[in-house]
There are 2 protein chains.
Amino acid sequence: MNIGLLLFIPSREVENRILAAVVAAGFEVTQAQARVLMRVGRDGTRLTELAEAAQVTKQTAGFLVDQLEKVGYVERVPDPTDGRARLVRVTDRAKEAVPVANAEMARIEAEWEQHIGKRRMGQLREALEMLGEITDPYR
Amino acid sequence: MNIGLLLFIPSREVENRILAAVVAAGFEVTQAQARVLMRVGRDGTRLTELAEAAQVTKQTAGFLVDQLEKVGYVERVPDPTDGRARLVRVTDRAKEAVPVANAEMARIEAEWEQHIGKRRMGQLREALEMLGEITDPYR
DNA sequence: TTGTTTTAGTCAGATGCTCTGATTAAAGTA
DNA sequence: TACTTTAATCAGAGCATCTGACTAAAACAA
């Protein structure tokens, strides 16, 4: 079986379940918004960086940040080091979603480990981290 | 690092590169169309089955099959066993894309094996196949 | 300093993919 | 036969994404 599909299936499982958990906890956010939100750093991140990290155009990132801003999950503040730029920052309200997402992620990992064993989980993670070195465009 | 993201990055790499190779070979097809096309079986597949396999609604599958039909990559024939249904079949023209996709897949796997080693590739595949047992909704 | 080029972001417009809800026709069932 | 389920389509809508054009600030070159 095609390794692309083998990778895709569990990755979608993770995405779907984490989003479902966050939505169930009362956060109204879409998959696309979440992908952008996930990439916002501690001290704020520029739109251009978000676009690169999420693999979308600046326009798309801007569109999604507009929506996130409208519902109060991010805010835009001026970048003190560059008059053209603004920093996107996660609000306290949105930060409350983090533990929800982490808990679901831990649950998924536990289920997987239960099924394939601790050893194989370790091998899986090791192989994926190394693959990231050659497939991740953001590092 | 989040294992969902670790899985997603190489899976996207595979999808992007295979699509790019197929498009470069002169086939005009989109990612969404390709995902449906990939699921059409040897002797034809019903729209409903395609929708399930590709994780989309029947309407979406129908929309994509319409486009694929328009450019001549699939055809719809009556299902002899059920008057309501029709079978979607891949045309000879579209079948020519298969070796192109396979060649690119082989190239990717070779690159990965070069980077992480044969042993880890084997472990990766084994772990993913086992994970498929609990995460793949179509088996 | 002034002029040119690059960079950060936005505006406008279009397309593509996906969904929900309603409908038609055939098949299966009581 | 009458009812229910299934396969597919029609109609309408929303979201995500893109390309191209633009503005303003910053960086750089002469």
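The chains referred to below are lettered A, B, ... by the order of the sequence lines, with proteins before strands, and numbering in each begins at 1. What's counted below: heavy atoms across the whole structure, side chains too, no hydrogens, waters or symmetry copies.
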Among dA16(D), dT10(C), dC17(C), which is the nearest nucleotide to the side chain of R86(A)?
-> dT10(C)
Distance-only, no hydrogens or angles: does the [X] side chain make a donor-acceptor pair with backbone N or O of [Y] under 3.5 Å?
X	Y	value
R76(A)	L47(A)	no
R93(B)	V71(B)	yes
Q33(B)	T30(B)	yes

Whole Å only: how far is the [atom1] atom of [X] from the [atom2] atom of [N]?
X	N	atom1	atom2	answer
E52(B)	dT6(D)	CD	P	11 Å
Q31(B)	dA16(D)	CD	P	18 Å
K70(B)	dG16(C)	NZ	P	11 Å
L19(A)	dA16(D)	CG	P	11 Å
E15(B)	dC17(C)	CD	C1'	14 Å
D66(A)	dT17(D)	CG	C1'	14 Å
F63(A)	dC11(C)	CZ	C1'	14 Å
L64(B)	dA8(D)	CG	P	15 Å

Quick one: closest heavy-atom pair of [X] and [Y], and the distance?
X	Y	result
A127(A)	R120(B)	CB-O, 4.3 Å
E28(A)	Y73(A)	N-OH, 3.1 Å
V65(A)	V88(A)	CG1-CG2, 4.0 Å
T91(A)	G72(A)	OG1-O, 2.8 Å

To the nearest 10 degrees, what angle separates the axes at the start and end of the helix from dT1(C)-dA30(D) to dA30(C)-dT1(D), five pairs each?
-> 20°
Please list, by residue number, the residues of residues 78-85 of chain A whose heavy atoms come closer than 4.0 Å to an atom of DNA chain D; answer none if no residue qualifies.
->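 Per residue number, the list reads D82(A), G83(A), R84(A).
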Of L87(B) and Q33(A), whose closest DNA chain D nucleotide lies nearer the 5' terminus?
->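 The 5'-side residue here is L87(B).
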Does a side-chain heavy-atom distance below 4.5 Å link L124(A) with L131(B)?
->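 Answer yes - side chains close enough.
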Mapping T48(A) and A32(B) to their closest nucleotides on DNA chain C, which lands nearer the 5' end?
->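 The residue mapped nearer the 5' terminus is T48(A).
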Starting at the 5' end of DNA chain C, which residue's closest nucleotide do you reach first, K58(B) or E49(A)?
-> E49(A)
Would you call R84(A) and D79(A) a salt bridge, using N to O less than 4.0 angstrom?
-> no
[N] phosphate, OP1 or OP2: any side-chain N/O from [X] under 4.0 angstrom?
X	N	value
T57(A)	dC18(D)	yes
Q67(A)	dA16(D)	yes
T30(A)	dA16(D)	yes

Polar pair under 3.5 Å, donor/acceptor by atom type, side chain Q59(A), base dG13(C) =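 In this structure, the two groups form no donor-acceptor pair.
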Give a yes or no on this: more than 12 heavy atoms of other residues, nucleotides or ligands lie within 6.0 Å of atom CZ of R89(A).
->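 Atom CZ in R89(A) is not crowded, with 12 or fewer foreign heavy atoms closer than 6.0 Å.
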So what does T60(A) hit on the nucleic acid, given a heavy-atom distance under 4.0 Å: a base, only sugar-phosphate, or nothing?
-> base
